[in-house]
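As structure tokens, the structure follows; a few thoughts come after it.
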Amino acid sequence: MIKLIATDIDGTLVKESSPDLPAALIELFQKLCDRGYMLAVASGRQYASVNRMFAPVDRQLCYIMENGAHILVGDETIHQVPMKREYVEGIMQDLRRYYPQNCHVVASTTKGCYLETKDSDFIDRIRNRYRNHVLLTDDILAEDVVYCKIAVFKEGNIRPIGENELIPKWQDKVKATMAGEEWVDFMDHSVDKGNGLKILTDHLGISTDEVIAFGDNENDCGMMQAAGVSYAVGNAVDKVKAAAGHICPPYWEDGVGSVLRTLL
């Protein structure tokens, strides 16, 4: 019996970097919550972004944020995983080499994210499209904060850089994964949406067998494997389709919604 719905956002529910949910999904999530289902949003995004996006649902939700580095029930943090400072410094020094290739870095804390770019379009993307709580700095490494995720963005496609250079270089030290065609994410080695789902279900007192999960990209593979029922959307990468138990239509055909309506 399904008790918890866990879903990714970008590329799964909506187009990458969309700021809002379609009205039909808002209404569906409200009905599901009112029927007693719990909803967990599992994303590489930060809490501020997702909380604003899902505010119209107006129900208590669970959040597996930063790919599982920050987990909340409502607005209460139940789990967070910092990155080791030595890895933050090494990754940042490495990623700065890609700035001339029009790459930009987002360094996340549980309270907001730091940008050291001066690119106004990218700042606008993170602040107004993703709706992150943005803090501008001249030097990410100079800030006296604890980071839980470092992400690098390249508009259009960063996959060749990510798969051929960054992930092979760092995967033995941290969790390095593609998080869409334009993002590569770095977290502590223990961070994974599947691990985050297990932490959340343990906290809620339910089994992962009572979870239905949806995803599209490599950072969703762990969640596909952990959930009792899992769906890759039709536009998902092959690794996620292989990890999932089922495939539903792509996000532009409301694949997740079509499956969840059967629960009603």
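Keep in mind it's a predicted model, so treat the numbers as computed, not measured. One is the number of the first residue; the rest follow in order along the sequence.
Lys198 NZ: 12 or fewer foreign heavy atoms inside a 6.0 Å radius. For Asp75, the CG atom sits in a loose shell: 12 or fewer heavy atoms of surrounding residues, nucleotides or ligands are nearer than 6.0 Å. Atom CG of Asp139 has more than 12 neighbouring heavy atoms from other residues, nucleotides or ligands inside a 6.0 Å radius.
In this model, no donor atom of one side chain and acceptor atom of the other lie less than 3.5 Å apart for Gln46 and Ser108. At a cut-off of 3.5 Å, with distance as the only test, no side-chain donor of Thr177 or Asp185 sits close to an acceptor on the other residue. Using modelled atom types and a 3.5 Å distance limit, the side chains of Tyr147 and Glu66 yield no donor-acceptor pair.
Put simply, the side chain of Lys154 gets close to the backbone of Gln101: a donor and an acceptor are under 3.5 Å apart. Remark: the backbone N or O of Asn157 is not paired with any side-chain donor or acceptor of Arg159 at under 3.5 angstrom. With Glu210 contributing its side chain and Ile2 its backbone, the two residues share no donor-acceptor pair below 3.5 Å.
In this structure, Leu166 and Leu95 have side chains that are in contact, with non-hydrogen atoms separated by less than 4.5 Å.
Distance CD1/Ile91 to NZ/Lys169: 10.0 Å, rounded to 0.5 Å. A distance of 10.5 Å separates CZ in Phe186 from CE in Met92, rounded to the nearest 0.5 Å. Rounding to the nearest 0.5 Å places CD1 of Ile123 at 12.5 Å from CG of Asn132. Between the CG atom in Asp10 and the CD atom in Glu16 there is a gap of 4.0 Å [rounded to 0.5 Å].
Classification of the Trp183-Phe153 ring pair by plane angle, with boundaries at 30° and 60°, yields tilted.
Asp172 is linked by a side chain to side chain contact (heavy atoms under 4.5 Å, CB included) to nothing, counting only residues two or more places apart in sequence or in another chain. The ring pair (Phe, Tyr, Trp, His ring centres under 6.0 Å) search around His246 returns Tyr231, not counting sequence neighbours. In this structure, the ring pair (Phe, Tyr, Trp, His ring centres under 6.0 Å) partners of His104, at least two apart in sequence or on a different chain, are Phe122.
Residue Ile206 is not grouped with residue Leu39 when hydrophobic side chains (ILVMFWY) are merged at heavy-atom distances under 4.5 angstrom, including chains of intermediate members. Hydrophobic clustering places Val50 together with Val14 (ILVMFWY residues linked when any side-chain heavy atoms are closer than 4.5 Å, directly or through intermediates). Cluster membership check: Val41 shares its hydrophobic cluster with Val259, using side-chain heavy-atom separations under 4.5 Å among Ile, Leu, Val, Met, Phe, Trp and Tyr. Linking ILVMFWY side-chain heavy atoms closer than 4.5 Å, directly or via other members, places Val152 and Leu135 in a single hydrophobic cluster.
Ion pairing between Lys118 and Asp138 holds under the 4.0 Å rule for side-chain N and carboxylate O. Salt bridge Arg131/Asp20: present, at least one basic N to carboxylate O contact under 4.0 Å.
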